Asker: 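Please read through the structure below; I'll follow up with questions.
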Amino acid sequence: MKPFVVNRYGRIVFPFNFFPALDFSVFQTLDQFAAVIKRDFEEKAPTETDIVARVDARAYNGRYDLLRDLALNLFWVNRYALTMYEKRPMRWRDVARQRDDLFLPIFKPWEGGELATAIEAGYRGLPPTWDEGTEDKVSRILLDVFRHKKGAGAELPAIKPTVSEILSNPQNLTYHLLAYDADYPGYGYDDIIEYAHPVPELEALMRQAMVLHNQYRWDRSKTRVIEVGKLHDDDFVVVFYPRNDDVVQFIRRVKGGRRVQARRPAPAPAMPPVTPYPAIDVRRRFAVMPRVEALAVYAGELVCTNDDLIRNTAYCWSPMTAKEIEEKTGIVERRYTELDLDHIALIAAQRALAKAGRRPEEIGAVLFCSCTSAKMMPSLATWLSGQLGMLQTHVSCDLVAACAGLPYGLSEAVRLLQEVERPVLVVCGERFSDKIGTVRTSRMIFGDGAAALVVGPAPAGALPDIEWFQTYASGPMSEVDSIIWPNPEFDNNITVYGPEVKALVKRYLSQMIAELGALPHPDGGAGSLLDAIELIVPHQANKTMVLHYATAAGVPAERLYFNIEKVGNTSSASIPLAIHDAVREGVIDRPVRVFAPGFGAGAVGGYVVMRVDPAKVAVEN
């Protein structure tokens, strides 16, 4: 988990966007690690000559653009130190010679003075972008680091030589600090986290500059490279210590040539079912009709705006503005919580039971729908049952159906209702904020939240509130793996593969709309079930994408309700959160028939057609 923090200014900060922290336990080979480094550092960073060429071509509009390129370059130069090692100056006499977990950097001769001079001149020739004083401060840090670094970067190996290995050739070059002060000024963790600036881009850039300064926490003007054979006992060298034991074990795996885990077999071709799965007509199929007795929510208590994302621009992000995030996703802000997932699920469940006027002992089953729960034993549903005071239920279990969580949960609730003939508590909850890390697409989209519904038996002869339901799963493996968590290839962070997600959304949404168009009007009127729908509340995946595929399938935009611009994508909780907000905003001001389609990770999909009575919704301010 990689949680955010809230600094003393009340701003959300993502520490791991500035302090790279890869999980080395997932790397079996050097090639696997190299692929991550290439993706997160090399492909994003210009080379020194690239920057000078852009200066010469007058490609920079202002000083910020040049400084951002310079920071990206320096993060790339320090890619291995930032991810694998801590740099510790030490007297040569005190450096152990035979240990396999101490390393010295090795350099090839490189002179960057002319490049630094050209970049500094280019910077001075550009106009300030926002704040000349802050931009100058950042430039002083970055240019000093750039001017005194001892390697171009491309030639640096990931696995440094041990002391004995570097001594095998006395002409190998390594750091020599002509003077070292253990109290040399640097930036503490709090200095970086607490830094604030009115311009989000400059806030992020200054944090990056602080991190890079700390990579060379000594008088850089008194640093040179020296042949290791010429070192004297009192000379200071820079020893590279592995950041943790996982790094040590990774280095040993690579050096030892240990056996690599076998590859998974190739997937079989995706074959369609022999016959389509029909949607379920609740009135015809079941004896006990479902009544939605209550709906309650808990939205994250913290607002994370697009500007907050820009303030936390990571070392591996391409340039993007807050407005561009909104245009791409339809999201202006998302909600985060400092509470645990089980806590926000419990709050939503308590609110729903209170709204329904139900006591714990009246509940026959508890279903918890989530794709971000880290609690396996006990299941979160059984934990909720115990916390709510239920001595025993017929069923308490978790369902992992991601963004189709509500359709899956309600369909199972209707089935269970036939057995228990008493209310079923359905809880949908997600906490994405601590599972995203530096994956920008995921950070742009996801939010935190929870919702709960009480589904009880309707009085004899009453019509069902849940009229139709349908669920789907699977597809081509490219769609099944379109959203992954944990994803070892992205440091176990949740990862969204955009083109594949679009493919599954297009497939499922067009299938759902076609199904509804072929079903009869539920009240016996003219037209189809689709014509009888008064409001469409889709899974709040990506407003731009959903509107595109809905209109392509013949559904006009004005029939759809979205609240994604204020809460982000909360997966299983997104539909009930949206229904709640539609009631709060007066969009639903009387009982209406709602079509609620969901689609997402695992290539799952589903929908419910249900009656939503605003009087049953516990409205939160």
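Residue indices begin at 1 and follow the sequence shown. The structure presented is a predicted model; accordingly, all values stated were derived computationally and were not measured.
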Asker: Please report the shortest heavy-atom distance between Ile37 and Arg79, naming the atom on each side.
Answerer: CG2-CD, 3.5 Å
Asker: Do Lys38 and Phe41 meet the cation-pi criteria used here (NZ or CZ under 6.0 Å from the six-membered ring centre, within 45° of the axis)?
Answerer: no
Asker: Just checking, is any N or O donor in the side chain of Asn487 or Thr495 under 3.5 Å from an acceptor N or O on the other one?
Answerer: yes
Asker: Once you round to the nearest 0.5 Å, how far does CG of Leu70 lie from CD of Gln208?
Answerer: 11.0 Å
Asker: Which atoms form the tightest heavy-atom contact between Ala158 and Met84, and what is the distance?
Answerer: O-SD, 3.6 Å
Asker: Which atoms form the tightest heavy-atom contact between Asp131 and His197, and what is the distance?
Answerer: OD2-NE2, 2.8 Å
Asker: Is the charged tip of Arg88 near the ring of Trp218: under 6.0 Å from the six-membered ring centre and within 45° of its axis?
Answerer: no
Asker: Quick one: do Glu201 and Arg311 satisfy side-chain contact (heavy atoms from CB on, under 4.5 Å)? Show the steps, please.
Answerer: CA-CA 6 Å; Glu201 289 85 350; Arg311 287 188 185 95; over 6 Å; no
Asker: Please assess Leu115 against Phe146 for the test side-chain contact (heavy atoms from CB on, under 4.5 Å), listing each intermediate value before the final yes or no.
Answerer: CA-CA 9 Å; Leu115 293 172; Phe146 183 90; 4.1 Å; yes
Asker: Atom OG in Ser442, atom CD1 in Ile436: separation rounded to 0.5 Å?
Answerer: 6.0 Å
Asker: Looking only at the side chains, is there a donor atom on one of Thr305 and Asp307 sitting less than 3.5 Å from an acceptor on the other?
Answerer: no
Asker: For the CG atom of Asn172 and the NZ atom of Lys108, what is their distance to the nearest 0.5 Å?
Answerer: 11.0 Å
Asker: With a 3.5 Å cut-off and no angle check, do the side chains of Glu430 and Thr372 form a donor-acceptor pair?
Answerer: yes
Asker: Can Asp23 and Ser25 be counted as having a side-chain donor-acceptor contact under 3.5 angstrom?
Answerer: yes
Asker: Under 6.0 Å between ring centres, would you say that holds for His213 and Tyr187?
Answerer: yes
Asker: For Phe490, is the NZ or CZ atom of Arg39 found under 6.0 angstrom from the centre of its six-membered ring and inside 45 degrees of the ring axis?
Answerer: yes
Asker: Any chance the side chains of Lys87 and Asn214 put a donor and an acceptor closer than 3.5 Å?
Answerer: no
Asker: Aromatic rings Phe24 and Phe250: how do their planes relate, parallel, tilted or perpendicular, breaks at 30° and 60°?
Answerer: tilted
Asker: Lys150 vs Glu111, test: salt bridge (Lys or Arg N to Asp or Glu O under 4.0 Å). Steps then yes/no.
Answerer: CA-CA 8 Å; Lys150 299 306 176 186; Glu111 180 54 56; over 6 Å; no
Asker: Salt-bridge test for Arg91 and Asp94: reply yes if a basic N is under 4.0 Å from a carboxylate O, no otherwise.
Answerer: no
Asker: Return the set of residues passing side chain to side chain contact (heavy atoms under 4.5 Å, CB included) with Ala118 (not counting sequence neighbours), or none when no residue passes.
Answerer: Val52
Asker: Evaluate the ring planes of Phe4 and Phe14, with Trp represented by its six-membered ring, and classify them as parallel (under 30°), tilted (30 to 60°) or perpendicular (over 60°).
Answerer: perpendicular
Asker: Taking Thr321's backbone N and O only, do any of them form a donor-acceptor pair with Glu324's side chain (distance below 3.5 Å, no angle check)?
Answerer: yes
Asker: Pairing donors with acceptors under 3.5 angstrom, does anything connect the side chains of Arg334 and Asn306?
Answerer: yes
Asker: Using a 3.5 Å distance criterion without hydrogens, assess whether the side chain of Asn7 forms a donor-acceptor pair with backbone atoms of Ile193.
Answerer: yes
Asker: Leu178: what forms a side chain to side chain contact (heavy atoms under 4.5 Å, CB included) with it, not counting sequence neighbours?
Answerer: His176, Lys222, Arg224
Asker: Glu333: what forms a salt bridge (Lys or Arg N to Asp or Glu O under 4.0 Å) with it, not counting sequence neighbours?
Answerer: none
Asker: Before we go on, tell me: are the rings of Tyr336 and Phe432 under 6.0 Å apart, centre to centre?
Answerer: no
Asker: Using modelled atom types only, decide if a donor and an acceptor are shared between the side chain of Glu203 and the backbone of Val199 within a distance under 3.5 Å.
Answerer: no
Asker: By salt bridge (Lys or Arg N to Asp or Glu O under 4.0 Å), which residues pair with Arg431, not counting sequence neighbours?
Answerer: Asp434
Asker: Identify all side-chain donor-acceptor contacts of residues 99-107 below 3.5 Å with residues at least two apart in sequence or on another chain.
Answerer:
from: Arg99; atom 1: NE; to: Asp101; atom 2: OD1; distance (Å): 2.9
from: Arg99; atom 1: NH2; to: Asp101; atom 2: OD1; distance (Å): 3.2
from: Arg99; atom 1: NH2; to: Asp101; atom 2: OD2; distance (Å): 3.1
from: Asp100; atom 1: OD1; to: Arg252; atom 2: NH2; distance (Å): 3.0
from: Asp100; atom 1: OD2; to: Arg252; atom 2: NE; distance (Å): 3.1
from: Asp100; atom 1: OD2; to: Arg252; atom 2: NH2; distance (Å): 3.4

Asker: Closest heavy-atom contact between Tyr216 and Val77?
Answerer: OH-CG1, 4.2 Å
Asker: Counting heavy atoms not belonging to Glu327, are there more than 12 under 6.0 Å from its CD?
Answerer: yes
Asker: Is a salt bridge present between Arg11 and Asp308, judged by a nitrogen-to-oxygen distance below 4.0 Å?
Answerer: no
Asker: Centre-to-centre under 6.0 Å for Tyr315 and Phe18, is that the case here?
Answerer: no
Asker: Can you name the nearest heavy-atom pair linking Val26 to Gln32, along with the distance?
Answerer: O-OE1, 4.0 Å
Asker: For residues Lys44 and Ser318, report the shortest heavy-atom separation together with the two atoms involved.
Answerer: CD-OG, 3.6 Å
Asker: Which side-chain hydrogen bond (donor to acceptor under 3.5 Å, both in side chains) pairs, counting each pair once, include a residue from residues 53-66, with sequence neighbours left out?
Answerer: Arg54-Asp69, Tyr60-Asp69, Arg63-Asp136
